[in-house]
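Notes follow the structure.
Computed over heavy atoms, backbone and side chain alike; hydrogens, waters and symmetry mates excluded.
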Amino acid sequence: MLRPAASLVLTAPLSALHGRTATSAPTAFNYAVLMVQRLSQGGSFDSAHVFPGGIIDAEDHHAADVYGHCAIRETYEETGLLLTTPPPSRRPAAPVASFKDTCAALQVTPLQPRPLARWTTPRAQKRRFDTRFLALHIDQPHLLSQLGHERPQEREVARLDWIAPDQALGANTRSEMPLYPPQAYLLHWLSRYTRWQDLVHAVAALDPLAAASAVEPVLCRRSDGKVVALLPGDHTYPDPQISAFKADDAALFATSLAAQHRLEMVPAKAGGFNAVKLYAMAPNQPNL
């Protein structure tokens with residue numbers, strides 16, 4: 001059964017982070033994205049780096065935008081960042097009973113992130129999620145003032161990092177930052193925009209209907225030990241409902257980009273994948 005979930009792709013200008021990034025490696029970008037590393041405790045995405053988020057709960061169903069509320073709520077619970085409006089008169093001294101109660105006490109409402117993409121877990125997996133990825137850019141003073149005061153949620157999050165897209169993909173190539181297909185794909189899409197201002201405009205121009213179209217990767221193991229995630233539009237992509245699908249090994253080796261839409265990955269020991277490469281024509285939409 002698919003469990004509905006939401007995840008927030010949160011970006012901020014590097015100038016507002018004052019050097020508080022995950023690595024000192026050089027970057028061509030003027031912004032960073034927030035990523036959290038999950039604890040290794042037998043749950044989903046063990047040890048991998050993901051965007052903040054989680055499953056929809058009862059509190060989210062009271063909001064007009066269920067997925068947007070979930071993404072903002074989970075980000076607050078996992079990082080302490082309160083992404084609301086108008087500027088609160090004070091910050092809560094400690095988390096209260098719920099995100100809803102926090103907003104009520106401070107007389108603020110959650111910001112509304114923009115739809116970015118939708119991915120579903122492959123059918124072969126035991127735990128399956130239907131995840132909406134939403135984008136939000138930190139640019140208001142009361143939001144920028146929170147940077148540097150983030151705190152990882154100890155029950156689920158090992159650490160949190162602000163990192164530029166090229167730094168994250170570089171760390172993944174060096175086996176330092178395991179990723180899962182949706183996060184890797186979206187980082188590749190972000191990497192098309194080195195300037196934060198261009199990214200903001202690109203997200204604003206996205207088609208929300210296209211962003212609601214689900215992408216279900218089909219994972220295939222190749223003879224060299226690598227895993228290929230076939231995506232819609234790839235010439236080898238099957239009907240996901242065919243549970244016994246087995247791709248021809250030769251078709252899993254990259255040849256012509258014009259007929260491919262796939263991720264090539266090396267399984268990480270603890271969970272997720274390293275050295276993720278994207279083979280695709282450059283799409284305008286982050287989930288096509």
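- Rounded to the nearest 0.5 angstrom, His137 NE2 and Leu199 CG are separated by 5.0 Å.
- The six-membered or imidazole ring of His69 lies near that of Phe99, with a centre-to-centre distance under 6.0 Å.
- Taking CD from Glu216 and CG from Asp239, the interatomic distance works out to 9.0 Å, rounded to the nearest 0.5 Å.
- For the pair Ala25 and Thr23, the tightest heavy-atom approach, listed with the atom from each and the gap, is N-OG1, 3.0 Å.
- Note on Val266 and Val218: separate hydrophobic clusters, where clusters join Ile, Leu, Val, Met, Phe, Trp and Tyr whose side-chain heavy atoms are under 4.5 Å apart, directly or indirectly.
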Would you please test Met177 and Ile163 for side-chain contact (heavy atoms from CB on, under 4.5 Å) and show each step? CA-CA 11 Å; Met177 180 177 281; Ile163 189 166; 3.7 Å; yes
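- In this structure, Thr236 and Val228 have side chains that are not in contact, with every pair of non-hydrogen atoms separated by 4.5 Å or more.
- Thr85 places a side-chain heavy atom less than 4.5 Å from the side chain of Thr109.
- Put simply, the side chain of Leu8 does not reach to within 4.5 Å of the side chain of Tyr76, judged on heavy atoms.
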Using a 3.5 Å cut-off and no angle test, enumerate the donor-acceptor pairs between side-chain atoms of residues 268-277 and protein atoms at least two apart in sequence or in another chain.
none

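- Both Leu219 and Tyr180 are part of a single hydrophobic cluster, where members link through side-chain heavy atoms under 4.5 Å apart.
- In this structure, Leu136 CG and Leu116 CG are separated by 11.5 Å, a value rounded to the nearest 0.5 Å.
- Scanning for side-chain contact (heavy atoms from CB on, under 4.5 Å) contacts around Gln146 gives Leu81, Leu82, Arg91, Leu143, with sequence neighbours left out.
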Leu14 and Thr27: side-chain contact (heavy atoms from CB on, under 4.5 Å), yes or no, with the steps? CA-CA 10 Å; Leu14 283 178; Thr27 177; 4.0 Å; yes
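- Going from atom OG1 of Thr75 over to atom CZ of Arg73 covers 9.5 Å, rounded to the nearest 0.5 Å.
- Atom CD of Glu150 has more than 12 neighbouring heavy atoms from other residues, nucleotides or ligands inside a 6.0 Å radius.
- Using modelled atom types, no side-chain atom of Arg114 and backbone atom of Ala135 make a donor-acceptor pair closer than 3.5 Å.
- Put simply, Leu144 and Leu106 are part of the same group of oily side chains (I, L, V, M, F, W, Y) that touch within less than 4.5 Å, one to the next.
- Without hydrogens or angle criteria, Asp57 side chain to Asp60 main chain gives a donor-acceptor distance under 3.5 Å.
- Applying the side chain to side chain donor-acceptor pair (under 3.5 Å) criterion to Gln37, with sequence neighbours excluded, gives no partner residue.
- Not a single ring pair (Phe, Tyr, Trp, His ring centres under 6.0 Å) links Tyr237 to another residue, sequence neighbours left out.
- Annotation for His261 and Pro232: closest pair ND1-O, 2.7 Å, computed over non-hydrogen atoms.
- Dense packing is recorded around CZ of Arg123, with more than 12 heavy atoms of other residues, nucleotides or ligands lying under 6.0 Å away.
- Panel note: side chain Arg118, backbone Ala212; a donor-acceptor pair is recorded below 3.5 Å.
- A donor-acceptor pair under 3.5 Å is formed between the side chain of Gln167 and the backbone N or O of Ala164.
- Judged by distance alone, with hydrogens and angles left aside, the side-chain atoms of Asn172 form no donor-acceptor pair with the main-chain N or O of Ala184 at under 3.5 Å.
- In this structure, Leu17 is a member of the same hydrophobic cluster as Leu10, with clusters built from ILVMFWY side-chain heavy atoms closer than 4.5 Å.
- Every residue meeting the side-chain contact (heavy atoms from CB on, under 4.5 Å) condition with Asp65, not counting sequence neighbours, appears here in chain and number order: Tyr67.
- Here Ser15 pairs with Pro13 under the side-chain contact (heavy atoms from CB on, under 4.5 Å) rule; sequence neighbours left out.
- The closest side-chain heavy-atom distance from Asp224 to Phe253 is below 4.5 Å.
- The backbone N or O of Trp162 lies less than 3.5 Å from no partner atom in the side chain of Thr21, so there is not a single donor-acceptor pair.
- Remark: the backbone N or O of Ala210 is not paired with any side-chain donor or acceptor of Ser213 at under 3.5 angstrom.
- Within the 3.5 Å criterion, the main-chain N or O of Gly225 finds a donor-acceptor partner in the side chain of Arg221.
- The two atoms that bring Arg151 and Leu160 nearest to each other are C-CD2, 3.7 Å, heavy atoms only.
- You'll find the side chain of Asp166 stays beyond 4.5 Å of the side chain of Ser191, heavy atoms only.
- For the atom pair CD1 (Ile138) and CH2 (Trp196), the distance works out to 8.5 Å, reported to the nearest 0.5 Å.
- Pairing each heavy atom of Asp249 with each of Ser223, the nearest pair is OD2-OG, 2.7 Å.
- Using a cutoff of 4.0 Å between basic side-chain nitrogens and carboxylate oxygens, Arg222 and Glu264 are scored as salt-bridged.
- Taking hydrophobic clusters as Ile, Leu, Val, Met, Phe, Trp and Tyr residues chained together by side-chain heavy-atom distances below 4.5 Å, Ile72 shares a cluster with Leu147.
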Test side-chain contact (heavy atoms from CB on, under 4.5 Å) on Leu179 and Met265 and set out the steps. CA-CA 9 Å; Leu179 300 168; Met265 314 173 291; over 6 Å; no
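- Looking at Pro178 and His49, their side chains come closer than 4.5 Å, going by heavy atoms from C-beta outward.
- A 4.5 Å side-chain heavy-atom check between Pro217 and Leu263 finds every atom pair outside the cut-off.
- Of all the heavy atoms in Cys70 and Gly54, the pair that sits closest is SG-O, 3.4 Å.
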side-chain contact (heavy atoms from CB on, under 4.5 Å) between Gln260 and His235, worked out: CA-CA 6 Å; Gln260 291 183 336; His235 67 93; 4.1 Å; yes
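- Of the residues listed (Trp119, Phe51, Phe129), the one engaging Pro182 in a side chain to side chain contact (heavy atoms under 4.5 Å, CB included) is Trp119, and it is the only one.
- The only option from Arg38, Arg155, Gln153 that meets the side-chain hydrogen bond (donor to acceptor under 3.5 Å, both in side chains) definition with Glu78 turns out to be Arg38.
- For the pair Tyr31 and Pro165, the minimum side-chain heavy-atom distance is below 4.5 Å.
- Nearest heavy atoms, Leu186 versus Ala117: CD2-CB, 4.1 Å.
- Distance check, rounded to the nearest 0.5 Å: OG1 of Thr79 to CD of Glu77 gives 10.0 Å.
- Put simply, the side chain of His142 gets close to the backbone of Thr84: a donor and an acceptor are under 3.5 Å apart.
- Using a distance-only test at 3.5 Å, with no hydrogens or angles considered, no donor-acceptor pair links the side chain of Arg159 to the main chain of Pro152.
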